[in-house]
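Below, all heavy atoms of this structure are taken into account, side chains as well, without hydrogens, waters or symmetry copies.
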Amino acid sequence: MMAERKLKWGILGAARVNQRLLPAIMEAPNSQLVAIASRREGAAKAVYEQYASVPHYSKVTFYDDLESLITDANVESIYCPMANEEHAEWAMKAIKAGKHVLIEKPMATSLVDVIKMEFAAKDHGVKVMEGFMYRFHPQHTKLHDMINAGLIGDVLSARASFSFLMQPSRMYRVNRSMTDGGGALWDIGPYAIHALRWCFQHEGQPANPRAVVAHAKLNAHGADMVTSGVLDFGKDAKGRARFGHFDISFERSRKAEYEIIGDKGWIKCHNAWTYGTDVPVISWETDDGKSGEEKLPMSNHFNLEIEHFSDCVLHDLVPLLSFDDAKGNCMAIQAVIESIAVE
């Protein structure tokens, strides 16, 4: 039997997230890492040496500039983990070069840029997806299957809490304002907003809020260290309000959970950022006195994300996360920023 062809990947940048994504590309059965680029001399090779699961230097090309990777004919698909405000610029260059692109969230920091990428991807016939790795973990499918089965009744409220304590080595995340891509809102905020939109999904697609109210603590650069807010998803068919509450912070311990409350009970995902060695846990309780805790098999959502995107390219399939999804998330985040600005 002939082995399946592997998609040839290049990584555009030596960002810290490569700790998880680089080995994921190397371990995926339908993927092959062929190039890494960084603007810092020697950084591409250094990140490979640090994070590669089984180094094969003869199979990977290292570049000290980004353009060389984009024009490398051996590279078919590019993972883009640049700074938030650089995603649109470099993803567009890759798209115009005919490369498929997986863009680390957020896809872009403006709706206009997301729309430009959407049209460019169609013009050049390439796949483009926003990199929300958590969506590929089976625990989320299981949770929503339980909701769709009527466990908690109609979804009326949801709460998402995402945080980690900022370390000195990560201060580059908050050295510029929110309008320039800095702060918690563009870093961990996309997860919280995205999770809430999926909590109120309709016909398998994430919902978009009708209105947003938010408050934030800003640092001297205008970057948010803490932001909390409410997304208004409108009324349901019975006229009941549907609100999503989010809370993100760089000043608190690690937390990545969301909880959904219906008219018959509640259900909770305890760790959306689960590691491959963690046992995922979903707990629930209903008004008739029943409760439970579901422990799922361990799974690596980064590996599953890479396998999914590679499969979409190799077999011309539609990616799970669409441009409409990316546009909805970007609009919601921009609305949060606008709400903060008028405080």
J.: Measure across I11 and P81 and return the closest heavy-atom pair with its distance rounded to 0.1 Å.
T.: CG2-CG, 4.3 Å
J.: Under the side chain to side chain donor-acceptor pair (under 3.5 Å) test against S283, which residue among K295, K268, H270 passes?
T.: H270
J.: Does D263 use its side chain to pair, donor to acceptor, with the backbone of D154 at less than 3.5 Å?
T.: yes
J.: Please list every donor-acceptor pair under 3.5 Å in which a side-chain atom of residues 287-294 meets a protein atom from a residue at least two apart or in another chain.
T.:
from: D288; atom 1: OD1; to: T286; atom 2: OG1; distance (Å): 2.4
from: D288; atom 1: OD1; to: K290; atom 2: N; distance (Å): 3.3

J.: With salt bridge (charged side-chain N to carboxylate O under 4.0 Å, His left out) as the test, pick out the partner of E86 among R39, K93, R176.
T.: R39
J.: List the atom of W186, the atom of G182, and the distance in Å for their closest heavy-atom pair.
T.: CD1-O, 3.8 Å
J.: Kindly indicate whether the side chain of D247, heavy atoms from C-beta on, has any atom under 4.5 Å from the side chain of S228.
T.: yes
J.: Could you check if a side-chain atom of L22 sits within less than 4.5 angstrom of a side-chain atom of W9, using non-hydrogen atoms only?
T.: no
J.: Should the pair E257-R159 be classified as a salt bridge under the 4.0 Å nitrogen-to-oxygen rule?
T.: yes
J.: Please find the pair of heavy atoms, one from D64 and one from G42, that lie closest to each other, and give the distance.
T.: OD1-N, 3.0 Å
J.: Give every residue pair that meets the side chain to side chain donor-acceptor pair (under 3.5 Å) criterion with at least one member in residues 11-22, sequence neighbours excluded.
T.: none
J.: Could you point out which residue of H301, H140, H194 forms a side chain to side chain donor-acceptor pair (under 3.5 Å) with Y134?
T.: H194
J.: Within the 4.5 Å heavy-atom criterion, are N329 and P190 side-chain neighbours or not?
T.: yes
J.: Looking only at heavy atoms, what is the nearest atom pair of K235 and R210, with distance?
T.: N-NH1, 4.4 Å
J.: With a 6.0 Å cut-off (strictly less than), is the heavy-atom count around CZ of R40, excluding the residue itself, greater than 12?
T.: no
J.: Can you measure from CG (L21) to OH (Y79) and round to the nearest 0.5 angstrom?
T.: 4.0 Å
J.: Could you tell me the separation between the CD atom of Q334 and the CD atom of E338, rounded to the nearest 0.5 Å?
T.: 7.0 Å
J.: Just by distance, do the side chain of Q139 and the backbone of N271 share a donor-acceptor pair under 3.5 Å?
T.: yes
J.: Among the clusters formed by ILVMFWY side chains lying less than 4.5 Å apart, do W284 and V281 turn up in the same one?
T.: no
J.: Within this structure, what is the OG-CZ distance for the pair S157 and R242, rounded to the nearest 0.5 Å?
T.: 11.5 Å
J.: Under a 4.5 Å cut-off applied to non-hydrogen side-chain atoms, are I282 and K142 in contact?
T.: yes
J.: Give every donor-acceptor pair under 3.5 Å between a side-chain atom in residues 312-320 and any protein atom, sequence neighbours left out.
T.:
from: H315; atom 1: NE2; to: E4; atom 2: OE2; distance (Å): 2.8
from: H315; atom 1: NE2; to: D311; atom 2: OD1; distance (Å): 3.3
from: D316; atom 1: OD1; to: K127; atom 2: NZ; distance (Å): 2.9

J.: Are F243 and V212 connected in a single hydrophobic cluster, I mean Ile/Leu/Val/Met/Phe/Trp/Tyr linked by side-chain heavy atoms less than 4.5 Å apart?
T.: no
J.: Grab the two heavy atoms, one from L304 and one from P138, that are nearest each other, plus how far apart they are.
T.: CD1-CD, 3.9 Å
J.: How many angstroms lie between CD1 in I25 and OG in S77, if you round to the nearest 0.5 Å?
T.: 8.0 Å
J.: Would you call R197-D325 a salt bridge at under 4.0 Å N-O?
T.: yes
J.: Are the side chain of N30 and the backbone N or O of S310 linked by a donor-acceptor pair below 3.5 Å?
T.: no
J.: For H137 and A272, indicate whether the former's side chain and the latter's backbone hold a donor-acceptor pair under 3.5 Å.
T.: no
J.: Under the side-chain contact (heavy atoms from CB on, under 4.5 Å) criterion, do L143 and W198 qualify, and how do the steps go?
T.: CA-CA 11 Å; L143 184 147; W198 276 95; over 6 Å; no
J.: Determine yes or no for a side-chain-to-main-chain donor-acceptor pair under 3.5 angstrom, with S249 supplying the side chain and S163 the backbone.
T.: no
J.: With clusters defined by side-chain heavy atoms of hydrophobic residues (ILVMFWY) lying less than 4.5 Å apart, directly or transitively, does V128 cluster with L7?
T.: no
J.: Can a donor-acceptor pair be found, under 3.5 Å and without considering hydrogens, that links the side chain of D224 to the backbone of V226?
T.: no
J.: Can you tell me how far apart CD (E118) and CG (D123) are? Round to the nearest 0.5 Å.
T.: 10.5 Å
J.: For side-chain contact (heavy atoms from CB on, under 4.5 Å), just list the numbers for M129 and L102, CA-CA rounded to whole Å, side-chain angles, deciding distance to a tenth of an Å, and then say yes or no.
T.: CA-CA 5 Å; M129 188 178 80; L102 174 63; 3.6 Å; yes
J.: Going through the checks in order, is the side-chain contact (heavy atoms from CB on, under 4.5 Å) test met by L196 and Y258?
T.: CA-CA 8 Å; L196 290 178; Y258 64 92; 5.8 Å; no
J.: Please say yes or no: joined through hydrophobic side-chain contacts below 4.5 Å, possibly via intermediate residues, are V17 and I103 part of one cluster?
T.: no
J.: Does the plane of the ring in F233 sit parallel, tilted or perpendicular to the ring in F200? Use 30° and 60° as the thresholds.
T.: parallel
J.: Looking at G276, is its backbone amide N or carbonyl O close enough to the side chain of N300 to form a donor-acceptor pair, meaning the two atoms are under 3.5 Å apart?
T.: no
J.: Over 60° means perpendicular and under 30° means parallel, so tell me whether F132 and Y191 are parallel, tilted or perpendicular.
T.: perpendicular
J.: For K327, does the NZ atom sit with more than 12 other heavy atoms under 6.0 Å from it, leaving out its own atoms?
T.: yes
J.: Rounded at 0.5 Å granularity, tell me how far CG in L156 sits from CD1 in I260.
T.: 11.5 Å
J.: Compare every heavy atom of E85 with every heavy atom of G181, then report the nearest pair and how far apart it is.
T.: CA-OE1, 3.8 Å
J.: How about T227 and F246: do any of their side-chain heavy atoms sit closer than 4.5 Å?
T.: yes
J.: Let me have the donor-acceptor pairs involving side chains of residues 106-114, under 3.5 Å, with sequence neighbours excluded, atom names and distances please.
T.:
from: S110; atom 1: OG; to: D113; atom 2: N; distance (Å): 3.2
from: S110; atom 1: OG; to: D113; atom 2: OD2; distance (Å): 3.1

J.: Which Ile, Leu, Val, Met, Phe, Trp or Tyr residues join M82 in one cluster when any pair of side-chain heavy atoms under 4.5 Å counts as a link?
T.: L12, V34, Y63, L66, L69, I70, V75, I78, W90
J.: Can you check side-chain contact (heavy atoms from CB on, under 4.5 Å) on F250 and N219, steps first, answer last?
T.: CA-CA 11 Å; F250 281 156; N219 67 7; over 6 Å; no
J.: A quick test of your reading: do over 12 heavy atoms of other residues, nucleotides or ligands sit less than 6.0 Å from NZ of K116?
T.: no
J.: Side-chain heavy atoms under 4.5 angstrom apart, residues restricted to Ile, Leu, Val, Met, Phe, Trp, Tyr: same cluster for L218 and I333?
T.: yes
J.: Under 3.5 Å, which donor-acceptor pairs link side chains of residues 164-175 to any protein atom two or more places apart or in another chain?
T.:
from: Q167; atom 1: NE2; to: L165; atom 2: O; distance (Å): 3.3
from: R173; atom 1: NH1; to: D187; atom 2: OD1; distance (Å): 2.9
from: R173; atom 1: NH1; to: D187; atom 2: OD2; distance (Å): 2.5

